[in-house]
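First up is the structure itself, then whatever we jot down about it.
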Amino acid sequence: MRVLVTGGAGYIGSHACVELAGRGHELVLVDNFSNSSPLVAGRLATLTGREPELHRADLRDRAAVDGLFKGRGIDAVIHFAALKAVGDSCRRPLDYFDNNIGGTIHLLQAMRAHGVGRLVFSSSATVYGDPDGVPVREDAPLRVTNPYGRTKLVMEQLIGDLCTSDPGFRAVNLRYFNPVGAHPSGLIGEAPGGVPDNLMPYVCQVAVGLRERLAVFGGDWPTVDGTGVRDYIHVMDLARAHADALDFLVRGHRSASINLGTGQGTSVLQLVRAFERASGRAVPYEIVDRRPGDVAEVYADPSLAHRLLGWRAEHDIDAMCRDAWHWQSRNPGGYADGPAAPGGAAAS
Ligand code: NAD
Ligand code: UD1
């Protein structure tokens, strides 16, 4: 198929592109590089054996989005493009509504106008807010706790309304738990700008010497060791699920919302220890106050993904830490720093 990948230069999108290309799909990538680097194109060329068709455009530009579909014979869309930082969304909610919801509306309009009826959408476990219990199933109540989460929930609802109104339009909402890790080549990975909000990139930056120590947000949660428990999922497993979701739509199945997690909870301190083992580096930390808005324990029931997509996570926390460290140690400052090809040395 010819697949339009929005946000294809980003962390998860770039990994999905490698998987999709490996399964023989032809890709058209679009990104405004608001949170990514055009340098990813060269890395994707190395990994897939061909230069990706990568367009710089903003989904808020309706005419540009429409232009991406014209004459390209797009069969399906995978929609990653979004702003994704929870704290940032609390400071500037309108930008999140405009970018995430506004951009999605343009995309859906262009899909309709060009008769494209298959969509895989990047949703998030954030739509469950603070769940009543774990593991979290897809039929758990949806309740959001921040503007970013609200955009994901609204986008799921918009997509759902479109599916209801048009039997020719079908979509899979993939609700990711906590994506981490990197392609095992170390050529692509997560490159957050500024101070990382999320645990794994922060741990990576401590291990590589960019930051002094990790602040562990709370040591008094009702969990195995008092620190927060999450369901970390290797980005390569996540990438595979997108190709599986496309196959699911091609087989003519109904629309669905599907959790993507391992079903295993890992505490902050368990992750730190796994990372120290994988990297051979110490990760100094101190326990500080809880982060506002955090919850004790969230992990998925991933059984629907297996039933509907035949998908299961294959990588454990050790592999996630190993690959995250491989990427970080080869690209200490992100894409600008890294080697041009596998085997090259990272710039200092
Ligand atoms: P990312 O920021 O690395 O990738 C998103 C990409 O979209 C970036 O390259 C950015 O430049 C681009 N983009 C943003 N707005 C755009 C616009 N208006 N027009 C064109 N391009 C635009 O983030 P990611 O971690 O790869 O996340 C991908 C998707 O998965 C997002 O929708 C995110 O909300 C969702 N998600 C991510 C996580 C996570 O922890 N990484 C968890 C759950 C869900
Ligand atoms: C966060 C987002 C969520 C998003 C997810 C994946 C919030 C409230 N939620 O979830 O919407 O879908 O990222 O991108 O931000 N931790 C530390 N020190 C740190 C960073 C994190 O101790 O410096 C702890 C947290 O308290 C938590 C765990 O590590 O227990 C994971 O945190 P994080 O990576 O930010 O993900 P979530 O909070 O699960």
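Atoms within a ligand are numbered from 1 in the order they appear, just like the ligands themselves. Any value given below was found using the heavy atoms of this structure, including those in side chains, with hydrogens, waters and symmetry copies removed. Nothing fancy with the numbering, it's 1 onward along the sequence.
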I'd like to check whether N198 has a polar contact with ligand 1, where a contact means an N/O of the residue lying under 3.5 Å from an N/O of the ligand. no

Ligand 2 N/O within reach of N178 N/O, cut-off under 3.5 Å: yes

Do any nitrogen or oxygen atoms of L199 come within less than 3.5 Å of a nitrogen or oxygen of ligand 2? yes

Taking a cutoff of less than 4.0 Å between a non-hydrogen atom of the residue and any ligand atom, is A191 in contact with ligand 1? no

So, is K152 polar-close to ligand 1, with some N/O to N/O distance under 3.5 Å? yes

Would you please determine whether S34 falls within less than 4.0 Å of ligand 1 on a heavy-atom basis? yes

Top protein contact for atom 38 (C) of ligand 1, by heavy-atom distance: P179 CG, 3.9 Å

Give the residue, atom name and distance (to 0.1 Å) of the protein heavy atom nearest atom 28 (C) of ligand 1. F80 O, 3.6 Å

Without hydrogens or angle criteria, can the side chains of D61 and H106 be said to hold a donor-acceptor pair below 3.5 Å? no

Whether A125 lies under 4.0 Å from ligand 2, heavy atom: no

Tell me whether R62 is salt-bridged to D66, with the criterion being a basic N under 4.0 Å from an acidic carboxylate O. no

Thinking salt bridges, do D237 and R312 make one under a 4.0 Å N-O criterion? no

Which of the listed options, G13, A16, A82, holds the heavy atom that is closest to atom 5 (C) of ligand 1? A82

Numbering as shown, the atoms of ligand 1 that approach A81 to under 4.0 Å (heavy-atom distance): 7 (O), 13 (N), 16 (C), 21 (N), 22 (C)

Once you measure the plane-to-plane angle for F80 and Y176, does it fall in the parallel (<30°), tilted (30-60°) or perpendicular (>60°) bin? tilted

Proximity winner for atom 33 (P) of ligand 2, if only heavy atoms of I287, N198, V295 are counted: N198

So the atoms of ligand 1 within less than 4.0 Å of a heavy atom of S123 turn out to be 43 (C), 44 (C)

Residue, atom and distance of the protein heavy atom nearest atom 24 (P) of ligand 1 read K84 NZ, 3.8 Å

What is the nearest protein non-hydrogen atom to atom 26 (O) of ligand 1, stated with its residue, atom name and distance? I12 N, 2.8 Å

Is there at least one pair of N or O atoms, one from Y202 and one from ligand 2, spaced under 3.5 Å apart? no

Using heavy-atom distances, let me know which of F177, F217, Y11, Y128 sits nearest atom 19 (C) of ligand 2. F217

Can you find a non-hydrogen atom of R175 under 4.0 Å from ligand 1? no

Remaining members of hydrophobic cluster (4.5 Å side-chain criterion), V288: F217

Quick test: of every protein heavy atom, which one is nearest to atom 11 (O) of ligand 1, and how far off is it to 0.1 Å? D31 OD1, 2.7 Å

Test item: side-chain donor near acceptor, H326 and Q328, under 3.5 Å: no

Return the orientation label for the H15 and H183 ring planes: parallel under 30°, perpendicular over 60°, tilted otherwise. tilted

Of the protein's non-hydrogen atoms, which lies at the shortest distance from atom 18 (N) of ligand 1, and what is that distance? N99 OD1, 2.8 Å

Is the closest N or O pair between Y148 and ligand 2 shorter than 3.5 Å? no

Distance under 4.0 Å to a non-hydrogen atom of A57: what atoms of ligand 1 satisfy this? 19 (N), 20 (C)

Considering heavy atoms of the protein only, find what lies nearest to atom 1 (P) of ligand 1 and give residue, atom and distance to 0.1 Å. N35 ND2, 3.8 Å

Taking atom 13 (N) of ligand 1 as the reference point, the nearest protein heavy atom with its distance: N32 OD1, 3.4 Å

Ligand 2 versus M200: contacting region, heavy-atom distance under 4.0 Å: neither

